[in-house]
Number of protein chains: 2
Amino acid sequence: MPRPSRAHHRRGELIAAARQAVLDRGVLDVRLRDVADLASMSTGSVLYYFPSLGDLLFEVQREAVERFCVDREEAARQESDPRGKLVRTIRAGLPSGKDDELCVLLYELGAYARRDPAYAAQHIRLCERQVALYTAILETGAATGVFDLGRDATTIARGLVALEDGLGLHLTQAVPTFTVPQAEAVLLAYATDATRCELEA
Amino acid sequence: MPRPSRAHHRRGELIAAARQAVLDRGVLDVRLRDVADLASMSTGSVLYYFPSLGDLLFEVQREAVERFCVDREEAARQESDPRGKLVRTIRAGLPSGKDDELCVLLYELGAYARRDPAYAAQHIRLCERQVALYTAILETGAATGVFDLGRDATTIARGLVALEDGLGLHLTQAVPTFTVPQAEAVLLAYATDATRCELEA
DNA sequence: CGAGTTCTTTGATGACGACTCAAAGAACGC
DNA sequence: GCGTTCTTTGAGTCGTCATCAAAGAACTCG
């Protein structure tokens, strides 16, 4: 019987190290050496577990996408009232700034999604799950009568997701274009107008 | 008297070559060699005109930002009616897809804006000019009575700009999340709700 | 406990890329 | 033409990714 392999666990450690390396140095500057150092091993060892740095980064993205979706679905579940759910989901989707690791990671790795279909597929999955989340909230609220949707819920949901993405892009820049409260105001304004329901607290 | 320098003209050519190189290979893969080849000169010559590839790319960004702003301001001037102006500006701001060179360029180089304040400053300038453009249109329309703004024009304008950015991000991926018509619908829906004015043609 | 198999680590090596630099070459004013 | 200045070049340096073969560690089974 073969000696048991610890590769799975090791790969997990490397994904975590790579994640940190991207946050530290940015996707443009991250080196195999950075990952190796963070994981306290040689560069050769890193490549024993992943064929290339690119493959490792892909796994980083996959994990980040998954965690982001789960976190938000979790945040939404905390509330039962559609209005509260909507506000909470909006707040959970906007990055808190450059320190918001998960969001920064997704934007950093987004550079690959522009050229690599596999990366793009993850982004699509991410986006669609969020659209589904918002759509469900909107439709529940519409059924209850809290929300008065002037159009189909999917269009509104897509808008919310894209708006978060756009605002997040600005919030995570070296020098942000807006403050977080300004971004929140924009998003709440959108949601208020689209649902014809007073949301702003 | 010193021999006249052609450096300015040469730098312009190099910026154009670098621009194309980024579009061809992506910001993650662009090499000095690509730029040199496109400009039909040696890599050493490129570095005679720019201290490093990074400095050259920065100039590419500066030009792209400027051109984007000018193009849109131009597009808005084509109409006098605020409603038409708004629709036209919206259409001009959304990328047509991966082939929309100016937009792709801005997104590609956006990777630098997350870490380099000089890049971020350009993005801020870009954003603020667009916000100003939309704000002017919205306020004119409000004064005329065509638009009924439920809140301050700046918040709406910021939302339009961020929404374009977010939608554009998805439209320029290797595999887009939405189609262009879907994105346009989202944007027009937002504008319609915010202005309480029927825009969709 | 020890042999044998399998898993893991490593550093040497090759290929490639950015950037430096000194020297050659071209263009212009005088 | 002459001399100055601008431009081009490619060789050399250094740092990086990725391949690979050999050494080392860990575990199973007899």
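Just so we're on the same page: letters track the sequence lines, and every chain starts at 1.
A sub-4.0 Å separation between OP1 or OP2 of D/dC6 and a side-chain N or O of B/Y49 is absent. Within the 4.0 Å cut-off from OP1 or OP2 of C/dC7, not a single side-chain nitrogen or oxygen of A/R10 is found. For D/dT5, neither phosphate oxygen OP1 nor OP2 lies less than 4.0 angstrom from any side-chain nitrogen or oxygen of B/S5.
When only modelled atom types and interatomic distance are considered, A/Q122 and A/Y112 share no side-chain donor-acceptor pair under 3.5 Å. Looking only at atom types and distance, the side chain of B/Q20 has no donor-acceptor partner in the side chain of B/E101 under 3.5 Å away. For the residue pair B/Y119 / B/R62, no side-chain donor-acceptor distance below 3.5 Å is found, with atom types taken as modelled.
In this structure, B/D55 atom CG and C/dC19 atom C1' are separated by 12 Å, rounded to whole Å. The separation between B/H8 atom NE2 and D/dT7 atom P is 13 Å, rounded to whole Å. Distance, B/L56 CG to C/dC19 C1': 14 Å, rounded to whole Å. Atom CG of A/L53 is separated from atom C1' of D/dG15 by 15 Å (rounded to the nearest Å). Rounded to an integer number of Å, the gap from CG of A/L28 to C1' of D/dT16 is 15 Å. As a whole-Å value, the separation of A/L47 CG from C/dG11 C1' is 13 Å. To the nearest angstrom, C1' of C/dT9 lies 12 Å from CG of A/L14. Remark: C1' of D/dT7 and CZ of B/F50 are 15 Å apart, rounded to the nearest angstrom.
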Would you tabulate the nitrogen or oxygen pairs shorter than 3.5 Å linking the protein to nucleotides 27-30 of chain C?
unit_1 : atom_1 : unit_2 : atom_2 : d
C/dA27 : O4'    : B/R3   : NH2    : 3.2

Which protein N or O atoms sit under 3.5 Å from an N or O of nucleotides 9-13 of chain D?
unit_1 : atom_1 : unit_2 : atom_2 : d
D/dT9  : OP2    : B/S42  : N      : 3.2
D/dT9  : OP2    : B/S42  : OG     : 3.4
D/dT9  : OP2    : B/S45  : OG     : 3.2

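Partner B/Y134 forms a side-chain hydrogen bond (donor to acceptor under 3.5 Å, both in side chains) with one of B/R158, B/E139, B/R72 and no other, that one being B/R72.
Of all heavy-atom pairs spanning B/G159 and A/L163, the tightest one is O-CD1, 3.5 Å.
Residues passing the side-chain hydrogen bond (donor to acceptor under 3.5 Å, both in side chains) test with A/S45 are A/S42, sequence neighbours excluded. The side chain to side chain contact (heavy atoms under 4.5 Å, CB included) check on A/D34 picks up A/A21, A/R25, A/V30, A/R31, with sequence neighbours excluded. Residues passing the side-chain hydrogen bond (donor to acceptor under 3.5 Å, both in side chains) test with B/E73 are B/R129, sequence neighbours excluded. By the salt bridge (Lys or Arg N to Asp or Glu O under 4.0 Å) test, A/R151 pairs with B/D193, B/E200, sequence neighbours left out.
Closest contact between the side chain of B/R31 and the listed nucleotides C/dT20, D/dC6, C/dG17 involves C/dG17.
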